Amino acid sequence: MTGAIESADAEPSSPIRVVIADDQELVRAGFAMVIGSQKDLDVVGQAGDGAQAVELVRRLHPDVVLMDVRMPGMDGIEATRLITEHCGGANAPLTRVIILTTFDLDEYVMAAINAGASGFLLKDAEPESLLSSIRTVYQGNAIIAPSATKRLIEKMSQAGNAAAQHPFPVQAAVYTDPELDLLTDREREVLIEIAHGLSNQEIADKLFVSLPTVKTHVAHILAKINARDRVQAVVFAYENHLV
């Protein structure tokens, strides 16, 4: 969950199938042109609002959806929630959602995370960042715009400070998730660095271990705490007072 996007380990055997949802046709055309220039990516559908996006996902089962936030009728947040909760399963591939917006606002970041989005990028991101983000999210990782990452961490920190200033700190119990006890000391250490916004490579450098070792730790952490991605892992770390 950092501005430094994790690079893809290997290209998929078939193109990553992408749906673009935006109420502006020129915006959709621009994204489609960029994505269509890549051999490993394929735009399979376009939608002008959230309801159309949900219908396309149910019908086409794409790998990734680029979802605008502000659209007429059903907005991108509600569409994301419906896609992540009800689309995909035993007989259909899991569809991951990247929120794309011109509005770098806290409520959109938090709403997108709560709705199940795996990525959050501003529309003015460089084409290379957009393409890398699609590949990263397809692999099951999460990506958030650097500015949003910084403010998400700050917001979680402020929430933690507010809890610490409870008027009855002695009587107030501090609850932690039982999954926390499943983590080894090293996994807790890695989780703390994830919560600080470090990439896998940055964690490897800081802890003097190999990149594959960090990736293994991250996979074990996500499995043990039942987190969908690094974004949820950050929230877990703050909620359990690790940072």
Side-chain angles (χ1 to χ4, degrees), residues 1-12 63-64 84 94 96-99 106 109-110 112-121 125 129 131-164 173-243:
M1 196 193 81
T2 69
I5 300 174
E6 305 289 342
S7 60
D9 294 328
E11 291 187 0
D63 300 303
V64 177
T84 57
L94 179 65
R96 304 183 188 278
V97 179
I98 298 176
I99 295 290
D106 285 334
V109 178
M110 298 306 295
I113 292 170
N114 292 333
S118 296
F120 185 96
L121 289 175
S129 295
L131 297 172
S132 297
S133 296
I134 293 173
R135 298 179 179 113
T136 297
V137 166
Y138 171 77
Q139 292 181 340
N141 297 312
I143 184 69
I144 293 186
S147 59
T149 300
K150 180 177 182 293
R151 288 182 298 99
L152 174 61
I153 292 173
E154 289 175 349
K155 189 164 187 173
M156 297 302 295
S157 297
Q158 291 169 1
N161 291 337
V174 177
Y175 298 100
T176 57
D177 291 302
E179 292 87 352
L180 187 62
D181 294 331
L182 300 177
L183 301 180
T184 66
D185 290 341
R186 175 60 88 180
E187 287 169 351
R188 288 194 183 204
E189 195 173 6
V190 172
L191 178 56
I192 289 171
E193 300 307 333
I194 292 175
H196 285 153
L198 272 63
S199 67
N200 286 348
Q201 186 60 63
E202 289 169 337
I203 295 173
D205 295 340
K206 183 172 183 177
L207 300 183
F208 302 103
V209 296
S210 68
L211 180 58
T213 297
V214 172
K215 290 183 177 180
T216 298
H217 285 317
V218 171
H220 289 169
I221 291 167
L222 296 181
K224 289 181 178 181
I225 68 175
N226 297 314
R228 181 181 59 251
D229 49 42
R230 295 169 78 96
V231 178
Q232 289 192 338
V234 171
V235 175
F236 178 92
Y238 276 95
E239 288 179 341
N240 287 278
H241 317 289
L242 292 182
V243 289

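In this text, all values refer to a predicted model and were calculated from it rather than measured experimentally.
The heavy-atom pair separating T184 from E187 by the smallest distance is N-OE1, 3.0 Å. The heavy-atom pair separating I203 from V190 by the smallest distance is CD1-O, 4.1 Å. Nearest heavy atom pair, residue A112 against residue F120, reads CB-CD1, 4.0 Å. For A115 against T84, the heavy-atom pair with the smallest separation is O-OG1, 2.7 Å. Across all non-hydrogen atoms, the minimal contact from A237 to L191 is CB-CG, 4.1 Å. Counting all heavy atoms, side chain and backbone alike, K224 lies closest to E179 at O-CG, 3.3 Å.
Not a single donor-acceptor pair under 3.5 Å links the side chain of D177 to the backbone N or O of N240.
Here K206 pairs with E193, L198 under the side-chain contact (heavy atoms from CB on, under 4.5 Å) rule; sequence neighbours left out. Residues satisfying the side chain to side chain donor-acceptor pair (under 3.5 Å) test with R188, not counting sequence neighbours, are none. Every residue meeting the side chain to side chain donor-acceptor pair (under 3.5 Å) condition with T213, not counting sequence neighbours, appears here in chain and number order: S210.
Expressed to the nearest 0.5 Å, how far CZ of R96 lies from OG1 of T136 amounts to 11.5 Å. Here the CG atom belonging to L94 is positioned 11.0 Å from the OH atom belonging to Y138, to the nearest 0.5 angstrom. Annotation: the span from F236 atom CZ to I221 atom CD1 amounts to 10.0 Å, rounded to 0.5 Å.
A side chain to side chain contact (heavy atoms under 4.5 Å, CB included) with L211 is found for exactly one of D205, T216, N200, namely N200.
The side-chain heavy atoms of L207 and V214, taken from C-beta on, include no pair separated by under 4.5 Å. Here the side chains of I194 and V234 are in contact, with some heavy-atom distance below 4.5 Å.
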Next on the checklist: Could you go through I134 and I98, starting from their C-alpha distance and side-chain angles, then the distance that decides it, and tell me whether this counts as side chain to side chain contact (heavy atoms under 4.5 Å, CB included)?
Outcome noted: CA-CA 8 Å; I134 293 173; I98 298 176; 4.1 Å; yes
